[in-house]
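Notes to accompany the following structure.
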Amino acid sequence: MAATSTSLASQLYIGLRRPCLKLDSFNSQSFSVFDPNLRLSLSPPRPSRAIVAMAGTGKFFVGGNWKCNGTKDSISKLVADLNSAKLEPDVDVVVAPPFLYIDQVKNSLTERIEISAQNSWVGKGGAFTGEISAEQLKDLGCKWVVLGHSERRHIIGENDEFIGKKAAYALSQGLGVIACIGELLEEREAGKTFDVCFQQLKAYADAVPSWDNIVIAYEPVWAIGTGKVATPQQAQEVHVAVRDWLKKNVPDEVASKTRIIYGGSVNGGNSAELAKQEDIDGFLVGGASLKLILLRCRVLSLLPLSIQSHPRKLRLELDYIL
C-alpha cells in the first residue's frame, strides 16, 4: 500500500513484531512499502523471543516526552491531532506533558492514549516546594511517570539511589514507571556503557518490589536532542546486555516480560531499522516530539488473521509535522 505524502510531513511504516506460537515454518515473501521519497524493503522477522509484556499484552510501546515545552494553544492543537489519529490496540501510546498541562490534556485527550508525568517526588507530599507527589499525579489521572531521565540526573543532580527510591514509591502508589538509563558520551568512549547502565539498573532493582509495571528506556545521553543517534546495532547491543543483566540479577521471568524501549533522536530516517531490532520494544521520543509527532498505528497482516501460528506485523505510521 502506498504511503500518502503531504507538504511538511513525511510518513514511515515500520514493521513490528508480535508474539507468536511458532515461527519455524514462516516463509512469507518480503514486502516493500513505498513513499515518493522513501523505499523500504522489510523482510519477515527472524525467530525471536516472545514478548510477554506488562499484563501479558506484548504491545509495542511508544512514549512522547514533551519536556518543558508547549502553551495552552499549541497543546490543544497537538491533542486534536492525536484525537484524530487511528490507533490500533496493538500499540501502547503514552504522552508526558508538562505538569501544569496534565489536567488540560487529561480532559481533552482520547482515553486510548495514557498520560505520564515527567517526574514525581520520592515520597508522600508535604513541605517540598516545587515538587509533585505520586498521589497528586494519580488524582489527576496519570498512569505513568518518567523517572531517571538524563536531564534529571545530569542537570538537576539526582543520583541512582534517589531515583530508585522514587521509582519504588511511584509503584507503591499505582503508577507505572518509565525507568530511564543511559551513558554520557565520555562514558561510551571510555568503554563504560555497560557499567553505567548496569549500575543504574541495580539502583532500580535494589529499591523496587516488582518489575510488573516498569518499562526500561535506554537513552544514550549523547544522542538525546543532538541529532546523533546510536546505530541500530549499538542500540540492540545495549538492549541485549540489559536483558541479560535482568536474567542474572532479578527473577528470571522479568527479562522476558519487561519492555526495553529506545530513546535518543529517533526520527523518520532511523526508526524503521531501530524497530526491527529484536530487543527494541518501542521508543521514548524526546526531541522529535517538539515537532508535534502524530502517531498513527495501523495493523498490517502478512498472513490471514486466522493463521494464529504466524506473526503479524504492525505498521506504525509516524507523521512528523514540522
Side-chain angles (χ1 to χ4, degrees), residues 10-18 40 42 45 51 53-54 57-67 78 82 85 87-88 90-97 112-116 118 144-151 176-182 197 214-240 242-243 258-298 313-321:
S10 62
Q11 298 180 335
L12 175 65
Y13 297 91
I14 304 172
L16 309 178
R17 297 170 308 279
R18 287 197 57 190
L40 294 177
L42 303 179
I51 303 171
M54 194 173 302
T57 62
K59 294 179 180 179
F60 202 77
F61 187 102
V62 180
N65 179 11
W66 301 357
K67 303 192 178 185
L78 178 53
L82 291 169
L87 300 174
E88 294 293 338
D90 301 82
V91 177
D92 282 335
V93 183
V94 176
V95 296
R112 170 65 182 82
I113 300 175
E114 295 184 333
I115 296 175
S116 172
Q118 298 178 20
W144 296 87
V145 61
V146 178
L147 295 175
H149 194 280
S150 65
E151 291 149 6
V177 171
I178 301 171
C180 299
I181 62 172
C197 291
I214 295 176
V215 170
I216 297 172
Y218 168 58
E219 294 192 296
V221 181
W222 48 272
I224 298 175
T226 63
K228 297 179 180 179
V229 64
T231 66
Q233 294 73 27
Q234 287 174 324
Q236 168 68 5
E237 179 184 43
V238 177
H239 282 231
V240 169
V242 167
R243 206 174 298 282
T258 302
R259 286 175 287 188
I260 306 171
I261 65 177
Y262 174 78
S265 297
V266 177
N267 58 55
N270 59 39
S271 49
E273 287 302 315
L274 287 165
K276 288 193 293 182
Q277 300 304 307
E278 186 173 333
D279 287 271
I280 294 180
D281 302 322
F283 299 127
L284 180 61
V285 183
S289 67
L290 305 185
K291 299 175 181 178
L292 308 183
I293 292 180
L294 175 60
L295 297 163
R296 293 176 180 171
C297 304
R298 296 173 183 172
K313 281 208 171 191
L314 291 179
R315 186 171 62 195
L316 175 60
E317 176 185 310
L318 303 180
D319 289 7
Y320 290 83
I321 303 174

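The model shown is predicted, which means the values in this text are computed figures rather than measured ones.
- Tested against V177, the residues V146, V215, V145 include a single side chain to side chain contact (heavy atoms under 4.5 Å, CB included) partner, V145.
- Between C197 and Y218, the closest heavy-atom pair is SG-CE1, 3.9 Å.
- Qualifying side-chain hydrogen bond (donor to acceptor under 3.5 Å, both in side chains) partners for E114, counting only residues two or more places apart in sequence or in other chains: W144.
- Taking both residues in full, the closest heavy atoms of L82 and W66 are given as CD1-CZ2, 4.2 Å, listed atom of the first, atom of the second, then distance.
- In this structure, T231 OG1 and E273 CD are separated by 10.5 Å, a value rounded to the nearest 0.5 Å.
- For S116 against P97, the heavy-atom pair with the smallest separation is O-CD, 3.5 Å.
- The shortest distance between side-chain heavy atoms of E219 and H149 falls below 4.5 Å.
- Every side-chain contact (heavy atoms from CB on, under 4.5 Å) that E237 has, sequence neighbours left out, goes to F194.
- A donor-acceptor pair under 3.5 Å is formed between the side chain of Q236 and the backbone N or O of D279.
- Distance alone, capped at 3.5 Å, is enough to place a donor-acceptor pair between the D281 side chain and the I260 backbone.
- Distance check: S265 OG to W222 CH2 gives 9.0 Å after rounding to the nearest 0.5 Å.
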Does the side chain to side chain contact (heavy atoms under 4.5 Å, CB included) test come out yes or no for F283 and L274, once each step is laid out? CA-CA 9 Å; F283 299 127; L274 287 165; 3.8 Å; yes

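- Here A223 pairs with P220, Y262 under the side-chain contact (heavy atoms from CB on, under 4.5 Å) rule; sequence neighbours left out.
- The shortest side-chain heavy-atom distance between L284 and C180 falls under the 4.5 Å cut-off.
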